[in-house]
Amino acid sequence: MRGHPRRGEAGREVSERGAEVGRRIGVGLMYGLFKPRVLGSWRVPATGPVILAVNHSHNVDGPMVMGVAPRPTHFLIKKEAFIGPLGPFLDAIGQVKVDRSGADRTAITGALDVLKQGGVLGIFPEGTRGDGDFASLRAGLAYFAVRSGAPVVPVAVLGSTERNGRLIKQLPPLRSRVDVVFGDPFDAGDGSGRRTRKALDEATVRIQERLTAHLENARRLTGR
């Protein structure tokens, strides 16, 4: 009926509001616990769908990007993180739960909805925490980028694994500097609109080249 938002619109409104709450919590925590140095955040498009492709070497990388990114971000997060009270909290701040054991249609739909509504989707393209060097990329990032047409912004988080904290060994030392470097947005597709396996494989190679180049540049820029 006229005057009543559709369910999807209402859900998106709540999700965006939740993601903004998550961003504000991230700002307080990350700047309170550490000393983030943020470079190039102005490169993130101010409006429209965007995919942040983030290297992943520490559990703090996601919250750090959420806290320093200029726009609220919905991260694809493994379902194993949604345990105890953390689960409802992650849901409330608009994060997308994904089952990595197979093709999670619910997560895929949720991620595409974020982009369809002009939001920011955060992805760890390596699929799991590792060396954070973009050496091994899964096809998920290429799929979302090609399917949605959203530009990809490479993000390098550096310094989160240099040392362990003395009070909380699972975190970097309190008040230590963590660099977050945003790169130039780029289109992953070849402009043809193709979504074939060959097109996705080519997009994955294209993405890996751009992400690796950005990481190398970020290391030169920050001296890390």
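We use all heavy atoms of the structure for the numbers below, so side chains are in, but hydrogens, waters and symmetry mates are not. We're numbering straight along the sequence, starting at 1.
- If you take CG on Asp61 and CE on Met66, they are separated by 13.0 Å, rounding to the nearest 0.5 Å.
- Atom CZ of Arg37 has more than 12 heavy atoms from other residues, nucleotides or ligands within 6.0 Å.
- Looking at heavy atoms from C-beta onward, Val114 lies out of side-chain contact with Val120 at the 4.5 angstrom threshold.
- In this structure, the side chains of Leu211 and Pro125 come closer than 4.5 Å at one or more pairs of heavy atoms.
- No donor-acceptor distance shorter than 3.5 angstrom exists from the side chain of Gln95 to the backbone of Leu90, with no hydrogens or angles considered.
- Closest of all the heavy-atom pairs between Arg224 and Val178 is NH1-CA, 4.1 Å.
- The two residues Ile207 and Leu141 have their closest heavy-atom pair at CG2-CD2, 3.6 Å.
- Checking side-chain atoms of Arg43 against main-chain N and O of Phe182 turns up a donor-acceptor pair under 3.5 Å.
- Residues Ser176 and Lys35 are not in side-chain contact: their nearest non-hydrogen atoms beyond the backbone lie 4.5 Å or more apart.
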request  = Evaluate side-chain contact (heavy atoms from CB on, under 4.5 Å) for Leu121 paired with Thr73, printing each intermediate quantity in order.
outcome  = CA-CA 6 Å; Leu121 180 68; Thr73 305; over 6 Å; no
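- Taking every heavy atom of both residues into account, Ala142 and Ala203 meet most closely at CB-CB, 4.0 Å.
- Residues Tyr143 and Ile108 form a side-chain contact, since some pair of their non-hydrogen atoms from C-beta on lies under 4.5 Å apart.
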inquiry  = Before you tell me yes or no, could you show the steps for Ile77 and Val98 under side-chain contact (heavy atoms from CB on, under 4.5 Å), namely the whole-Å CA-CA distance, both residues' side-chain angles and the distance that decides it to 0.1 Å?
reply    = CA-CA 6 Å; Ile77 299 176; Val98 58; 5.8 Å; no
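- Within the 3.5 Å criterion, the main-chain N or O of Gly189 finds no donor-acceptor partner in the side chain of Asp187.
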key: Stepwise side-chain contact (heavy atoms from CB on, under 4.5 Å) test for Phe75 and Val54   = CA-CA 10 Å; Phe75 265 97; Val54 187; 4.0 Å; yes
request  = Before giving the answer on side-chain contact (heavy atoms from CB on, under 4.5 Å), spell out for Glu202 and Asp190 the whole-Å C-alpha distance, their side-chain angles and the decisive distance to 0.1 Å.
outcome  = CA-CA 9 Å; Glu202 291 173 351; Asp190 60 4; 4.3 Å; yes
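- Atom OG of Ser148 and atom NZ of Lys116 lie 12.0 Å apart (nearest 0.5 Å).
- Atom OG1 of Thr109 sits about 9.0 Å away from atom CG of Asp104, to the nearest 0.5 Å.
- With salt bridges taken as basic N to acidic carboxylate O contacts below 4.0 Å, one links Glu20 and Arg23.
- Nearest heavy-atom pair, Ile123 versus Phe144, reported as atom, atom and distance to 0.1 Å: CD1-CD1, 3.7 Å.
- The two atoms that bring Val60 and Met30 nearest to each other are CG2-SD, 4.0 Å, heavy atoms only.
- Side-chain contact between Lys198 and Asp201 is absent, with no heavy atoms from C-beta onward closer than 4.5 Å.
- Thr222 is listed as a side-chain neighbour of Leu39, based on a closest heavy-atom distance under 4.5 Å.
- Between Ile51 and Leu115, the closest side-chain pair of non-hydrogen atoms falls below 4.5 Å.
- Side-chain contact check for Val157 versus Val65: some heavy-atom pair is nearer than 4.5 Å.
- Side-chain N or O atoms of Thr47 include none that pairs as donor or acceptor with a backbone N or O of Pro45 at under 3.5 Å.
- Residue-environment remark: CZ (Arg175) exceeds the threshold of 12 foreign heavy atoms within 6.0 Å.
- Without hydrogens or angle criteria, His74 side chain to Ile93 main chain gives no donor-acceptor distance under 3.5 Å.
- Atom-to-atom distance recorded for His214:NE2 and Leu221:CG is 9.0 Å, nearest 0.5 angstrom.
- Here Phe34 contributes atom CZ and Met64 contributes atom CE; the two are 5.5 Å apart, rounded to the nearest 0.5 Å.
- When hydrophobic clusters are built by joining Ile, Leu, Val, Met, Phe, Trp and Tyr residues whose side-chain heavy atoms come closer than 4.5 Å, directly or via intermediates, Val181 is not grouped with Tyr31.
- Atom CG of Leu158 and atom CG of Leu215 lie 6.0 Å apart (nearest 0.5 Å).
- Across all non-hydrogen atoms, the minimal contact from Ala111 to Leu76 is CB-CD2, 4.3 Å.
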